[in-house]
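The block underneath contains the structure these notes are about, expressed in structure tokens.
Computed from a predicted structure; not experimentally measured.
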Amino acid sequence: MERLCTLDDIPDGGSKGALPGPRGRDQVLLVRQGGRVYGYVNNCPHYDRAPLGWKKDEFLNGAKDRIMCSAHGALFRIEDGTCEIGPCLGQALTPIRITVEGGQVFGEI
């Protein structure tokens, strides 16, 4: 597993990108809810390789209760990445395995 960030780097109820690729785009998105962190590959299932965030570390809708694709407006459940609204209805984000230990967030794609 690779260290992605500290738990404190992700605001509670917020999101953060991690693992910058060769062109600087974060390969992973993280969402924190209390002590729990959810992680997904930063690609919309509707259009492969389209990043989800609308700006650095911003992957959630205005209510902060869904992950939102900035290109299509699709909304995904935080807890399992399933699309509930949008052109990829029923499809899901690719999850990554996340572990939080000693205030550090680790992930495995």
Do you know which two heavy atoms are closest between S70 and P51, and how far apart they sit?
OG-O, 3.9 Å
Quick one: do L7 and V37 satisfy side chain to side chain contact (heavy atoms under 4.5 Å, CB included)? Show the steps, please.
CA-CA 8 Å; L7 187 60; V37 177; 3.5 Å; yes
Each residue besides I85 in its hydrophobic cluster should be listed here, by chain and number; the cluster joins Ile, Leu, Val, Met, Phe, Trp and Tyr at side-chain heavy-atom distances under 4.5 Å.
M68, L75
ILVMFWY clustering at 4.5 Å (side-chain atoms), partners of M1:
F106
Can you sort out the partners of E2 under side-chain hydrogen bond (donor to acceptor under 3.5 Å, both in side chains), two or more places apart, ordered by chain and number?
none
With R77 via salt bridge (Lys or Arg N to Asp or Glu O under 4.0 Å) - residues at least two apart:
E79, D80, E84
Residues in side-chain hydrogen bond (donor to acceptor under 3.5 Å, both in side chains) contact with K56, at least two apart in sequence or another chain:
D26
Side-chain contact test, heavy atoms from C-beta onward, threshold under 4.5 Å: evaluate it for L19 versus I96 and give yes or no.
no
Pairs involving residues 28-37, ordered by first then second residue, that meet salt bridge (Lys or Arg N to Asp or Glu O under 4.0 Å) (sequence neighbours left out):
none
Hey, could you give me the SG/CG distance between C69 and N42, rounded to the nearest 0.5 Å?
9.5 Å
Who are the side chain to side chain contact (heavy atoms under 4.5 Å, CB included) partners of P87, not counting sequence neighbours?
H46, H72, A74
The salt bridge (Lys or Arg N to Asp or Glu O under 4.0 Å) partners of R97 (sequence neighbours excluded) come to E108
Residues 8-19 vs side chain to side chain donor-acceptor pair (under 3.5 Å), sequence neighbours excluded, gives T6-D9
Taking every heavy atom of C5 against every heavy atom of L30, the minimum-distance pair comes out as SG-CD1, 3.7 Å
Heavy-atom nearest pair, G21 first then Q27, reads CA-NE2, 3.5 Å
Apart from L29 itself, which Ile, Leu, Val, Met, Phe, Trp or Tyr residues share its cluster (side-chain heavy atoms under 4.5 Å, direct or through members)?
V31, Y38, Y40, L52, F59, L60, I67, F76, I78, L93
